[in-house]
Amino acid sequence: MSSVNTRQESTVVKYDFRSIEKRWQERWRADDLFRTPEDRSRPKFYGLDFFPYPSGDGLSVGHCRNYVPSDVFCRYRRMRGDNVLHPMGWDAFGLPAENEAIRRKSHPKKTVPQYVANYKRQMNLLGLSYDWSREINSSEPEYYRWTQWFFLLLYRRGLAYRSAAPANWCPSCATVLANEEVHDGACWRCGTDIEKKDLPQWFFRITEYADRLLEDLKLVDWPESIKLMQTNWIGRSVGVEFDMPIKGHDASMRVFTTRVDTVFGVSFAVLAPEHPLVAQITTADRRAEVEEYVRKSRRISEIDRMSTERERDGCFTGAYAINPVNGQEVPIYVADYVLLSYGTGAIMAVPAHDTRDFDFARRYGLPAPVVIAPDGWDGQPLKEAHTGEGTMVNSGQFSGMRNTEGAEAIADWMQEQGIGERRVNYRLRDWLISRQRYWGAPIPIVHCPVCGEVPVPEEQLPVLLPDVENYEPPGDGRSPLATIPEFVNTSCPACGGPAQRETDTMGGFACSSWYFLRFADPHNDRAPFDRDKVEYWLPVDLYVGGAEHAVMHLLYARFWTKVMYDAGLVPFVEPFTRLKNQGMLLAPDPKNPGVLVKMSKSKFNVVTPDEMAEKYGADALRVYELFVAPFEDTVPWSEDGINGCWRFLNRVYRVVAERPGSFVPDWRSTVRQETVSNEAKALARKTHQTIMKVTRDIEDFAFNTAVAALMELTNQIYDFVNAKDGLHYPCPVWSEAVETLILLLAPMAPHLADELWQMIGREGYTYSAPWPEADPEVAKADVLTIVVQVNGKVRDKISVDAGTSEAELERLALESPRVQGALQGRPARKVIVVPGRLVNVVG
RNA sequence: GGGCGGAUGGCGAAACGGCAAACGCAGCAGACUUAAAAUCUGCCGGGGCAACCCUUGUGGGUUCGACUCCCACUCCGCCCACCA
């Protein structure tokens, strides 16, 4: 009977998410609900998303995979009583924004504000709880003034310098790039192959911090894979550096090796093609060939040069080097498998014990004397390089030692003899920061013919980016700013004479290396931030974004933070305490049917949050983003899935909305007395178990199982309602379950939660309501199902009261007819009892 | 070439070393509908009439007990890659 009524009501009670979501978003905004509290009596929580570069394509549902979970976490912490800082801003300076404006034949000054407005609209549509009063934009003078200020800080501390070196040049973007921005020999933005170009460039001396950047990874709670990528990128290696005198010259070539144990096996030496010694030592008869080789290796693209498929080639210089440990003369080659930028740009080559040297030696018929005998070596020449351990042979007084000890002994001996010294090398290079592009913060330096390089005084900041119509790069290695005389010509801050401004701008990664600090004090016009505010809010407690920034932004930001620490500006050495990387969202590739690729505008497979919010609602989209898979997992998008989440929210809505007047506001005072019925007891138990489960899961970023737990609770509320409807309303246990469900759901589906919150007669917003507390006693089951196994196979299940003794459990298990049957008359040799869980009879 | 992940129903997935497949999607059957949608109920890894047997990429090991731990292999994904 009552079910018929319910069904009729259900056609009337409609989950009208469109009006619900619109209404609550308006109220939140009118009440300025998400403004960060200034009260310092409560613990703070700083939850931050990687700030995005606003693209004209807008957000896709793929982008929501980090914004939604971090929003859930922040809302949850707010309900736990923390002061939450959850800001958003725009990484608006830099190549991506500029390239996009060029492509659309517009100007970044016009496009950026449009795109920002669209992103903001979409974020609000999703109900993200950002405090917009702290919004920042890295392309505005109020912001980049301080980026320039930090440049000067680095400059004053000797950490910013100008130097001419072969740099990574992207011919398409017409600018140089940092090493971190070159992926597989190509530009990370446009994919064009990188060329080497000699230009005077500005660098940040990040190498000076290599050891600390490596060491302090111990202090942060980050995914191991990201820490490892940074470790590899920094690439610390310990070895020995020594000079090899060059026969017939006053000069010597300095080499670095991590395998000093093989030093007696050197049969040739190699210089990088760009090495300055090449021109000096090449003999007359070899000159033409060597010059041709050097030219050729300079022409070859980075991508080809790095390929390991390519056969290693080189060219003999005609000169010989002397191995200082045994006086042996070895030929010196030029080869592009040796890089000028690493170590000393020159190596000793030991073909028997290095695969690259082995290949090279074979090609040019060079000897490969064995000095580390593999275990069980037959004395014959090796068929491939032996790079593992072994016993040292043909190594003077070190012969007979294990190579691992020999390495130490030789290093000691070389130091004593003054031949060489221990040395640590890093693969990390200094960070190339200048860009020959318009859309960035101008580097605040003036070049004066009298005083030289002069920093712009702080009080003259910002050095404003000139407002011009044509900003496209000239492509000749100069910045577009160099073509604007009004910008270039200035007076020297030191002597007042005529001088010229630096015309390069800073790469976008300078802006993003400190923005997280600015959110603590976003409108300060006297300093980048107030130290007191930064001390309260920082470091960032939770940082959420993609793994693609592992060795770019995340490394640079750590470096700047350490510089600030050294300068006494901040009291911490690591900016981001806990880091989480979301998984990608895949979608079908329209060009390859059946193939899934990353969802992106360039693949023409984007689904927007706008269309999903229109069709299913922002709450359903939020819940689906959480439910679809574990947070870190890459997963395909499916519209069927979001429909399921919509149905779930619909059920939540109806179970409350269809029972007006059933809610007992004061359920707390009576709820524990009603637990006489088994259904009521079961529902109360489930309610408290769900509080525990959802709380733990959110803390662990296991949002998918948190949603599943809420679905289970909802299902059980329906079971309860179906068993009891028409009997006992108003009902305290139902009220407890419903209020708890609303609150646990609030961080995930905040609009619906607030609607239901109001419907049950509660005041205010779920955002500021306290998080439910679990009563472990209520959550505890009083009857347990114990699994009974025989030899590890499930044979029976028995129901017992919680607290049944182990002896009793053993007795009950042995009594079971099915256990007896499985034993087939054999005696139980051993019985394992896991209290509250299982009994395993071994027989 | 090196490193790091991963592999469980038709699909996304769940499972402190202790009932494999929770939760959801898709599917099937039914109820309500003139009908459809929505909603509700039931079924939903494989085999077998059944009791029962089999099933977490492959092969081994540890354990009373292994999706889980260890070793080897296969496949997939991501990252790095001539770094001396």
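Quick note on labels: first sequence line is chain A, next is B, and so on, each numbered from 1.
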What is the distance, to the nearest angstrom, from the CG atom on A/N722 to the C1' atom on B/C40? 9 Å

When only distance counts, do a donor and an acceptor, one from the side chain of A/D640 and one from the base of B/C25, lie under 3.5 Å apart? no

NA contact type, A/R829, heavy-atom cut-off 4.0 Å: base, sugar-phosphate, or nothing? nothing

So, are A/K296 and A/D313 salt-bridged, with charged N and O less than 4.0 Å apart? yes

Counting the atoms with a prime plus P, OP1 and OP2 as sugar-phosphate, which does A/R429 contact under 4.0 Å by heavy atoms, base, sugar-phosphate, or nothing? base

Under 3.5 Å on both distances, the Watson-Crick or G-U partner of B/A29: B/U41

From CZ of A/R837 over to P of B/G17, roughly how many Å is that when rounded to an integer? 10 Å

Step-by-step side-chain contact (heavy atoms from CB on, under 4.5 Å) determination, A/I206 to A/L213: CA-CA 9 Å; A/I206 192 173; A/L213 289 167; 3.8 Å; yes

Protein-nucleotide distance (A/E180, atom CD; B/C80, atom P), rounded to Å: 11 Å

Classify the side chain of A/K797 and the base of B/C19 as holding, or not holding, a donor-acceptor pair under 3.5 Å. yes

Touch class at under 4.0 angstrom, heavy-atom based, for A/N715 against every strand present: sugar-phosphate

B/G6 to B/U56 separation - C1' atoms, rounded to the nearest Å: 14 Å

As a test of understanding, state which of A/P747, A/P630, A/P69 forms a side-chain contact (heavy atoms from CB on, under 4.5 Å) with A/F703. A/P69

Starting from P on B/C4, measure out to CD on A/E632 and report it in whole angstrom. 18 Å

Regarding A/R795 and A/S816, do their side chains bring together a donor and an acceptor under 3.5 Å, going by distance alone? no

Check the pair A/K830 / A/E810 against salt bridge (Lys or Arg N to Asp or Glu O under 4.0 Å), numbers first and verdict last. CA-CA 10 Å; A/K830 191 173 172 186; A/E810 179 170 341; over 6 Å; no

Indicate, with a heavy-atom threshold strictly under 4.0 Å, whether A/P636 touches base, sugar-phosphate, or nothing. nothing

Spacing of the C1' atoms in B/A7 and B/C73 (rounded, Å): 14 Å

Generate the contact string for nucleotides 48-53 of chain B. Rules: B means base contact, S means sugar-phosphate contact only, - means no protein heavy atom under 4.0 Å. ----SS

Taking the P atom of each, how far is B/C4 from B/A13, in whole Å? 23 Å

Which pair of non-hydrogen atoms, one from A/N791 and one from A/V842, has the smallest distance, and what is that distance? OD1-CA, 3.3 Å

Can you find a donor-acceptor N/O pair under 3.5 angstrom joining the side chain of A/Q789 to the base of B/G18? yes

Does some side-chain heavy atom of A/S237 sit less than 4.5 Å from a side-chain heavy atom of A/V424? no

Using the C1' atom as the reference point in each nucleotide, state the distance between B/G24 and B/C76 in Å, no decimals. 25 Å

Quick one: do A/R259 and A/D354 make a salt bridge, cutoff under 4.0 Å? no

Map A/C645 and A/V841 onto RNA chain B by nearest heavy atom, then report which one ends up closer to the 5' terminus. A/C645

Write down the distance between CE (A/M692) and P (B/C16), rounded to a whole number of angstrom. 15 Å

Any base atoms under 4.0 Å from A/G235, or only sugar-phosphate, or nothing? Heavy atoms, all strands. nothing

Side chain of A/L228 - closest among B/C4, B/G12, B/A26: B/C4

Rounding to the closest angstrom, what is the interatomic distance between B/C32 and B/A21 at atom C1'? 32 Å

Closest to the A/N840 side chain, choosing from B/C64, B/C19, B/A26: B/C64

Roughly how many Å is it from NZ in A/K830 to P in B/U63, rounded to a whole number? 10 Å

Separation of atom OH in A/Y718 from atom P in B/G24, rounded to whole Å: 13 Å

As its Watson-Crick or G-U partner within any shown strand, both distances under 3.5 Å, B/A14 has none

Give one of base, sugar-phosphate or nothing for A/V635, where a contact means two heavy atoms less than 4.0 Å apart. sugar-phosphate

Measure from the side chain of A/W646, starting at C-beta and using heavy atoms only, and say which of B/C23, B/U39, B/A84 lies closest. B/U39

CZ of A/R427 versus C1' of B/C79: gap in Å, rounded? 12 Å

OP1 or OP2 of B/A26 sitting under 4.0 Å from any side-chain N/O of A/R647? yes

Does the side chain of A/M711 come within less than 4.5 Å of A/T714's, by heavy atoms? no

Determine, for A/K693 against A/E712, whether the closest basic-nitrogen to carboxylate-oxygen distance falls under 4.0 angstrom. no

When the C1' atoms of B/C79 and B/G42 are compared, how many Å lie between them, rounded to an integer? 49 Å

Lys/Arg-Asp/Glu bridge criterion (N-O < 4.0 Å) met for A/R422, A/E241: no

Across the strands shown, which category fits A/V834 at heavy-atom distances under 4.0 angstrom: base, sugar-phosphate, nothing? base

With both distances kept under 3.5 Å, what pairs with B/C67, Watson-Crick or G-U wobble? none

Does B/A72 have a Watson-Crick or wobble partner in any strand here, with both distances under 3.5 angstrom, and which is it? B/U58

Rounding to the closest angstrom, what is the interatomic distance between B/G17 and B/C67 at atom P? 13 Å

Would you mind pulling out the nucleotide paired to B/C4, Watson-Crick or G-U wobble, both distances under 3.5 Å? B/G77

Counting the atoms with a prime plus P, OP1 and OP2 as sugar-phosphate, which does A/S237 contact under 4.0 Å by heavy atoms, base, sugar-phosphate, or nothing? sugar-phosphate

Rounding to the closest angstrom, what is the interatomic distance between B/G9 and B/A14 at atom C1'? 13 Å

Ion pair check, A/E625 and A/R622, cut-off under 4.0 Å: no

Restricting both atoms to N or O, compile the protein contacts to nucleotides 35-37 of chain B shorter than 3.5 Å, with distance only.
none

Pairwise 5' ranking along RNA chain B for A/D357 and A/P630, keeping only the more 5' one: A/P630

Is the base of B/G12 syn or anti, if syn means a glycosidic angle within 90° of 0? anti

Considering Watson-Crick and G-U wobble pairs with both distances under 3.5 Å, what does B/A50 pair with? none

With a 6.0 Å cut-off on ring centres, are A/Y616 and A/F17 close enough? no

Nearest 0.5 angstrom please: A/I234 CD1 to A/L214 CG, how far? 5.0 Å

Contact class for A/N704 (heavy atom, under 4.0 Å): base, sugar-phosphate, or nothing? sugar-phosphate

